[in-house]
Amino acid sequence: LVAFVLLIACANVANLLLARSAARRREFAVRLAIGAGRARLVRQLLTESFLLAAMACVAGMAIARSIVRVLLAVSEVKGLEVHLNLAVLAFTVIISCAAAVTFGLAPALQGNRVDPWTTLKEGKMTGGAGRFFNPSRLLVVAQTALSLVLLIASGLLLRTFLNLKAVSPGFDEQVVEAKLDASLVSGNSVALGNELMERLSSVPGVDMVSFSQFGFGQGTSRICCIAPEGYAPHANEDKNVRIHPVSPEYFRALSIPLLAGRSFATTDRSGAPRVAVINETVADYYFRGVNPVGKRLSWWPTEPKNIEIVGVVKDAKYDNLRQDTPRLVYLPALQNGSGPNFVQIRGLTRTRSGRPLAALIGDCRATIRAVNPNIRIVSFEPLAAAVNRTLAPDRLVSWLSAGFGILAILLTSVGLYGILAYTVARRTSEFGIRMALGARRLTILQMVMKEALVLVGIGLVAGLAAAVSFSHLVARLLFGVQPHDTVTFAAAAATLILVAAAASYGPARRATAVEPVTALRYE
């Protein structure tokens with residue numbers, strides 16, 4: 001995306017320098033006529049390009065630090081470190097020099113082809129636009145093609161982010177979750193979990209409390225070779241299943257629906273028959289339409305199948321919103337001996353409790369410290385914040401791509417406006433003659449805008465072909481949208497057409513304002 005924006009900018013500057021070079025043809029002719037060599041003329045134009053690049057490089061480096069700070073502040077991506085250093089400076093200087101050569105070469109070659117005697121005899125150039133596919137117009141076509149590719153990429157990534165935002169995690173995001181570090185607490189971890197649940201349940205505004213070994217986006221344990229009753233594994237099968245010990249109230253606290261059987265009970269503790277609750281994915285994978293409640297499983301094929309499946313719950317997300325739901329087996333924490341690494345607190349609705357969330361969290365923090373001051377509270381936030389944090393990379397990518405797309409549109413519209421304004425200025429006498437011979441102003445307007453839209457149309461065709469070719473580069477970043485999505489392609493093309501029409505209207509309108517008598521005296 002950055003490379004495409006750089007190419008569009010180079011094409012834009014090259015177009016402006018081409019127009020300036022054409023306006024300086026007499027100057028170049030005079031220089032050549034009094035003895036300047038063509039190589040020296042090329043060096044002069046390249047030097048001017050390098051000077052522009054150097055000033056742009058200094059200005060860019062001056063504002064880069066502020067831009068980086070802003071991006072890092074809004075990205076919410078943990079562990080992302082971006083800073084300016086000598087390597088970045090060297091890379092920037094090299095890219096700036098390459099850009100200077102890129103956008104300075106075309107006008108330098110154009111100035112080098114000036115015939116001094118012919119140019120001096122012709123005087124001021126007021127003729128037609130010349131060949132339709134001259135370098136300036138080809139650059140506009142290239143800008144349009146590159147801009148379309150950027151817009152399509154931006155549209156796909158933006159739709160990906162919106163699709164992810166629309167995904168339901170499968171649990172109540174308003175539940176507050178505390179991540180605890182109880183490594184300094186001695187004694188029975190299950191007893192600590194029960195005490196936390198009892199004390200936190202008495203906090204005003206708290207409706208329900210549960211605890212678990214893992215939280216959203218924090219991973220789960222994995223175990224190999226699960227052996228459910230009546231299931232025959234096939235060759236090369238992925239036998240890994242995730243394990244998640246939770247307290248009895250976990251599913252009710254997070255509003256995870258129970259589809260069959262029962263949830264865990266306080267009687268599912270050490271010494272009681274071993275039980276498990278599975279998610280939909282496990283039920284579909286191992287039991288294929290058969291009710292799994294009452295079936296038994298073991299962790300190894302050679303072990304006795306002594307773990308009874310007592311319930312099935314609806315699938316929920318565990319690591320992020322992109323993932324396919326993994327096979328997951330819930331175990332009773334009271335039976336498994338797992339401690340309260342994460343505590344989930346379901347608050348009463350605002351109309352019933354009237355307590356703001358900050359006050360509720362503050363009271364819960366104080367209660368946890370009162371249970372044991374050695375418990376370290378790592379984080380305390382609604383699950384919505386944890387879900388939102390997993391979207392931070394996608395949000396950053398979509399914002400950056402949208403910014404690049406907007407910048408590409410601006411550069412392309414400026415380039416199109418510039419080339420049309422220059423063309424209209426050169427064709428002033430032509431428009432005057434046409435109107436003197438009876439052409440209507442609307443005809444002149446249509447003629448100029450048609451020329452612009454033809455250039456944009458050619459660029460759109462080239463851009464669509466390029467976008468189809470490059471779509472595989474963003475395929476792995478997408479979610480819920482195909483790389484060749486027709487709606488995104490059509491919306492990007494329509495946007496560019498509208499922008500091109502708006503950019504070309506000004507020069508076209510100026511062409512209709514030409515007075516025939518004034519235009520015929522233009523020489």
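The figures that follow rest on heavy atoms only: side chains count, while hydrogens, waters and symmetry mates do not. None of these values were measured; they are calculated from a predicted model.
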Inset, instruction - Could you pull out the closest heavy-atom pair between Met449 and Ser504, with the gap in Å? - result: CE-OG, 3.6 Å

Legend entry - Test log, rule side chain to side chain contact (heavy atoms under 4.5 Å, CB included), inputs Phe161 and Val397: CA-CA 9 Å; Phe161 177 65; Val397 169; over 6 Å; no

Inset, instruction - Could you walk me through whether Val424 and Phe431 pass the side chain to side chain contact (heavy atoms under 4.5 Å, CB included) test, one step at a time? - result: CA-CA 9 Å; Val424 167; Phe431 295 145; 4.1 Å; yes

Legend entry - Thr325 vs Asn279 side-chain heavy atoms within contact, under 4.5 Å: yes

Legend entry - More than 12 heavy atoms of other groups within 6.0 Å of Asp324 CG: no

Inset, instruction - Show your reasoning for whether salt bridge (Lys or Arg N to Asp or Glu O under 4.0 Å) applies to Glu48 and Arg43. - result: CA-CA 9 Å; Glu48 293 174 0; Arg43 285 201 304 272; over 6 Å; no

Legend entry - CG on Leu157 to CG on Leu162, rounded to 0.5 Å: 11.0 Å

Inset, instruction - Look up atom CG in Asn341 and atom NZ in Lys179, then write down how far apart they are to the nearest 0.5 Å. - result: 9.0 Å

Inset, instruction - Take Val246 and Phe211 through the test side chain to side chain contact (heavy atoms under 4.5 Å, CB included) and record every step on the way to the result. - result: CA-CA 6 Å; Val246 300; Phe211 69 88; over 6 Å; no

Legend entry - Beyond-backbone contact of Cys57 with Thr92, side-chain heavy atoms, under 4.5 angstrom: yes

Inset, instruction - Check the side chains of Glu280 and Tyr285 for a donor-acceptor pair under 3.5 angstrom, ignoring hydrogens and angles. - result: no

Inset, instruction - Indicate whether the side chain of Gln344 and that of Ser212 have a donor and an acceptor atom separated by less than 3.5 Å. - result: yes

Inset, instruction - Using a 4.5 Å cut-off on heavy atoms from C-beta on, say whether the side chain of Glu451 contacts that of Met447. - result: no

Inset, instruction - Answer whether the closest heavy-atom distance between the side chains of Gln218 and Gln213 falls below 4.5 Å. - result: no

Legend entry - Spatial distance of atom SG (Cys364) from atom CZ (Phe380) [nearest 0.5 Å]: 4.5 Å

Inset, instruction - Before giving the answer on side chain to side chain contact (heavy atoms under 4.5 Å, CB included), spell out for Leu478 and Arg159 the whole-Å C-alpha distance, their side-chain angles and the decisive distance to 0.1 Å. - result: CA-CA 8 Å; Leu478 304 182; Arg159 290 190 63 187; over 6 Å; no

Legend entry - Any side-chain donor near an acceptor of the partner, Ser398 and Arg395, under 3.5 Å: no

Inset, instruction - Supply the atom-to-atom distance Asn388 CG to Leu164 CG, rounded to the nearest 0.5 angstrom. - result: 11.5 Å

Legend entry - Set of ring-ring contact (aromatic ring centres under 6.0 Å, His included) partners for Tyr330, sequence neighbours left out: His244, Phe251

Legend entry - Nearest atoms (heavy-atom pairs only) where Ser168 meets Lys317: O-CG, 4.2 Å

Inset, instruction - Specify the closest pair of heavy atoms between Leu148 and Gly463, including all atoms of both residues, with the distance to one decimal. - result: CD2-C, 3.7 Å

Legend entry - Heavy atoms from other residues, nucleotides or ligands near CZ of Arg510 exceed 12 (cutoff 6.0 Å): yes

Legend entry - Any side-chain heavy-atom pair of Val461 and Ile458 under 4.5 Å: no

Legend entry - Separation of Ile419 CD1 from Asn12 CG (nearest 0.5 Å): 10.5 Å

Inset, instruction - Could you tell me whether the side chain of Ile409 reaches within less than 4.5 Å of the side chain of Ser147, counting heavy atoms only? - result: no

Inset, instruction - Flag yes if more than 12 heavy atoms outside Arg40 fall under 6.0 Å of its CZ atom; otherwise flag no. - result: no

Inset, instruction - Can you measure from CD (Glu177) to CD1 (Ile345) and round to the nearest 0.5 angstrom? - result: 9.5 Å

Inset, instruction - Kindly indicate whether the side chain of Arg376, heavy atoms from C-beta on, has any atom under 4.5 Å from the side chain of Leu184. - result: no

Inset, instruction - Provide the closest heavy-atom pair for Ala511 versus Ile444 in the form atom of the first, atom of the second, distance. - result: CB-CG2, 3.8 Å

Inset, instruction - Could you tell me if the ring centre of Phe171 sits under 6.0 Å from that of Phe216? - result: yes

Legend entry - Contacts of Tyr417 that satisfy ring-ring contact (aromatic ring centres under 6.0 Å, His included) - sequence neighbours left out: none

Legend entry - Taking every non-hydrogen atom, the tightest pair across Ala500 and Leu453: CB-CD2, 4.4 Å

Legend entry - Audit row: Arg322, Asp394, salt bridge (Lys or Arg N to Asp or Glu O under 4.0 Å) steps and yes/no: CA-CA 10 Å; Arg322 280 182 174 270; Asp394 294 284; 2.6 Å; yes

Legend entry - Any side-chain donor near an acceptor of the partner, Arg327 and Asn240, under 3.5 Å: no

Legend entry - Nearest heavy atoms of Ile8 and Ala408, plus distance in Å: CD1-CB, 3.7 Å

Inset, instruction - Using a 4.5 Å cut-off on heavy atoms from C-beta on, say whether the side chain of Asp172 contacts that of Leu254. - result: no

